[in-house]
J.: 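Here it is, the structure, as structure tokens.
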Amino acid sequence: MTGQINKAETKAAEKIPQEIIDQAHELSRQAEVLPDGARALAEKIWQARKQGRPLRVKLGIDPSSTDLHIGHAVQFRRLKRFQDFGHQVVVIIGGATAQIGDPTGRNKTRPPLSAEDVETNAKTYLEQMGAVLDMDKAEIVNNADWLSNMSLKDMVKLAGLCTVNQLIAKEAFGDRLDKQLPVGLHELFYPIFQGYDSIAIRSDIELGGTDQRFNCLQGRELQPHYGQEPQLVLLSPLLEGTDGVQKMSKSYGNYIALKDTPDDMFGKCMRIPDNLIVKYFDLATTFTGAEIDQVKAALESGGNPKDAKEKLARQIVLQYHGKEASDKAHADWERVHSQRQVPEDMPSHVVSANTPLFRLLVDAKLVGGTGEAKRLIQEGAVRLEGNQIMDPNQEIPPPDGGTLVLQVGRRKFVRLEG
């Protein structure tokens, strides 16, 4: 069920002020709200308003690495929208659960992290989240504070509220059992502990991706056993990467990292397929629903997708690097791609002796290896001073008293010096 509120829902919620209904619509845009859709969210907001308190909105993160991309930031932006409406966001660092490993979407047990790994990665996560959220207003907690101190009696009580039948029905477990792949007993505790997190912080709303449906619903199942109102769950769709096929992931090489340079971030945004433009606006920017609807309407009426992508790219760079960097990245893009000029700033590489072109590409770090270098050269993607070179073994001499510009594709440049 999407975030749209139809006429029947509006009638059912007619006692709720329109501004609350509008708020629910904005907060749940492009999200699946469980159960009962945006109407239930409006009722939750209205109930909290009458109690004189903000909603407590939960996002749990297991800091499994240090590199975040805008696919991860989808949930951060959702949290920021709740902050903008005055609600209390609660970020739970999985100090305990990360040491178990979430099997979601995987065909094998994920290696658990050490407590030291969790602490190191969490620091990096929070720094990057600060580019999106107001961290001073966010409540940051660690589930090791309550899960690590549970007694055996408490743990058995908690486990007794779930059945093995429920847990093995989880898709990741079921697929592995069907394929006769091992499932660790400790993995069964992961969704139970994630559910208990909702009890520990008294969650009203839990955010997650569509691949987290089972885990997020566990909190809703457990809360009534501890005298709490069950939370609602907002599931956001996974963001496809720049290839438009696979979900955004470092392993697929289709990601836009939060730490990317402005130029790289801008260029990657310009590569996304046209059919994903509106989805990227919805999930990766701070634009309001009304502003995004204007972009969508312009495209549907025959607007140029390139213009929409430029607007998207400028906004995303602005969000992570500021207006000056956004303006410069746009100008650099125009210079290289529209005016066919080279960028003003580029790295330098010293050539001290005649070097085969494929080796020069590797040494200048324009490619990842010799195989990629030779392939790109033979495909015509390499130019020296604007001239296409097709022979991987062509010797490139040191520049004599000047510099040469070596280009790979449309976005990679290096200045060769003697």
Side-chain angles (χ1 to χ4, degrees), residues 30-31 64-78 104-107 110 128 132 171-172 208-212 235-285 287 292 295-296 299-300 303-317 319-321 326 329-330 332-333 336-338 361 365-382 407-413:
Q30 296 298 318
S64 56
S65 70
T66 57
D67 297 321
L68 297 181
H69 51 65
I70 66 171
H72 294 120
V74 168
Q75 300 301 342
F76 308 161
R77 300 222 161 272
R78 184 83 64 185
T104 297
R106 298 176 180 270
N107 58 13
R110 187 174 74 185
Q128 293 176 74
V132 179
E171 184 178 357
T210 51
D211 59 341
Q212 281 280 321
L235 300 178
S236 298
L238 302 180
L239 186 65
E240 294 90 346
T242 54
D243 60 352
V245 179
Q246 302 277 9
K247 73 173 184 178
M248 187 172 290
S249 170
K250 187 175 181 180
S251 61
Y252 296 139
N254 63 357
Y255 66 106
I256 302 173
L258 301 190
K259 292 183 176 180
D260 272 343
T261 65
D263 283 344
D264 281 347
M265 189 174 278
F266 195 100
K268 289 179 180 179
C269 289
M270 294 300 294
R271 283 163 41 196
I272 68 170
D274 293 353
N275 66 307
L276 288 180
I277 292 173
V278 175
K279 186 172 185 179
Y280 266 67
F281 269 104
D282 256 317
L283 299 181
T285 77
F287 284 145
I292 296 167
V295 173
K296 182 179 180 181
L299 288 169
E300 290 177 344
N304 190 340
K306 176 178 175 291
D307 295 337
K309 286 184 190 179
E310 287 186 353
K311 184 173 184 177
L312 171 70
R314 293 192 67 165
Q315 178 64 19
I316 288 180
V317 176
Q319 291 169 181
Y320 296 102
H321 295 284
S326 177
H330 184 221
D332 287 346
W333 172 268
V336 173
H337 295 272
S338 296
L361 263 59
K365 296 182 170 50
L366 290 169
V367 295
T370 58
E372 182 184 3
K374 291 179 179 179
R375 176 180 60 80
L376 289 170
I377 294 168
Q378 291 167 345
E379 290 176 353
V382 178
Q407 177 182 355
V408 178
R410 290 186 172 185
R411 298 191 302 112
K412 294 184 178 180
F413 295 83

J.: Taking all non-hydrogen atoms of both residues into account, name the closest pair between Lys247 and Tyr252 and its distance.
T.: O-CD1, 3.3 Å
J.: Provide the closest heavy-atom pair for Lys268 versus Thr242 in the form atom of the first, atom of the second, distance.
T.: O-CG2, 3.5 Å
J.: Do NZ/NE/NH1/NH2 and the carboxylate oxygens of Glu310 and Arg314 come within less than 4.0 Å?
T.: no
J.: Let me know which of Thr285, Ile277, Val295 forms a side-chain contact (heavy atoms from CB on, under 4.5 Å) with Lys311.
T.: Val295
J.: Using the test side chain to side chain contact (heavy atoms under 4.5 Å, CB included), find all partners of Leu235 that sit at least two apart in sequence or belong to another chain.
T.: Glu32, Leu34, Thr210, Arg213, Cys216, Val233
J.: Before giving the answer on side chain to side chain contact (heavy atoms under 4.5 Å, CB included), spell out for Ile70 and Tyr320 the whole-Å C-alpha distance, their side-chain angles and the decisive distance to 0.1 Å.
T.: CA-CA 10 Å; Ile70 66 171; Tyr320 296 102; 4.1 Å; yes
J.: Distance from Ser326 atom OG to Met265 atom CE, nearest 0.5 Å?
T.: 10.5 Å
J.: With rounding to the nearest 0.5 angstrom, report the NE2 to CG distance, His72 to Leu239.
T.: 11.0 Å
J.: Could you tell me whether the side chain of Arg77 reaches within less than 4.5 Å of the side chain of Val132, counting heavy atoms only?
T.: yes
J.: Which heavy atom of Gln75 sits nearest a heavy atom of Gly209, and at what distance?
T.: NE2-N, 3.4 Å
J.: List the atom pairs, with distances to 0.1 Å, where a side-chain N or O of residues 371-380 and a protein N or O form a donor-acceptor pair under 3.5 Å, not counting sequence neighbours.
T.:
{"from": "Glu372", "atom 1": "OE1", "to": "Gly368", "atom 2": "N", "distance (Å)": "2.8"}
{"from": "Arg375", "atom 1": "NH1", "to": "Glu379", "atom 2": "OE1", "distance (Å)": "3.3"}
{"from": "Arg375", "atom 1": "NH1", "to": "Glu379", "atom 2": "OE2", "distance (Å)": "3.4"}

J.: Any chance you could measure Met248, atom CE, to Asp243, atom CG, to the nearest 0.5 Å?
T.: 9.0 Å
J.: Using the test side chain to side chain donor-acceptor pair (under 3.5 Å), find all partners of Ser249 that sit at least two apart in sequence or belong to another chain.
T.: Ser251
J.: What heavy-atom pair brings Phe266 and Val317 nearest, and what distance separates the two atoms?
T.: N-CG2, 3.8 Å
J.: Taking all atoms of both residues into account, what is the closest heavy-atom pair of Gly241 and Leu276, and its distance?
T.: O-CD1, 4.1 Å
J.: Specify the closest pair of heavy atoms between Arg78 and Leu283, including all atoms of both residues, with the distance to one decimal.
T.: NH2-CD2, 4.3 Å
J.: Rounded to the nearest 0.5 Å, how far does CD1 of Ile316 lie from CG of Leu258?
T.: 10.5 Å
J.: Of Asp264, Leu361, Leu366, which is the lone residue that meets side-chain contact (heavy atoms from CB on, under 4.5 Å) with Lys412?
T.: Leu366
J.: Rounded to the nearest 0.5 Å, how far apart are CG of Leu312 and CE of Met270?
T.: 9.0 Å
J.: Heavy-atom distance under 4.5 Å between the side chains of Pro273 and Glu240, does that happen here?
T.: no
J.: Measuring from atom CD of Gln128 to atom CG of Leu68, what distance do you get when rounded to the nearest 0.5 angstrom?
T.: 4.0 Å
J.: Specify whether Phe281 and Phe287 have parallel, tilted or perpendicular ring planes, treating 30° as the upper limit for parallel and 60° as the lower limit for perpendicular.
T.: parallel
J.: For Lys296, look at atom NZ and say whether over 12 heavy atoms of other residues, nucleotides or ligands are found less than 6.0 Å away.
T.: no
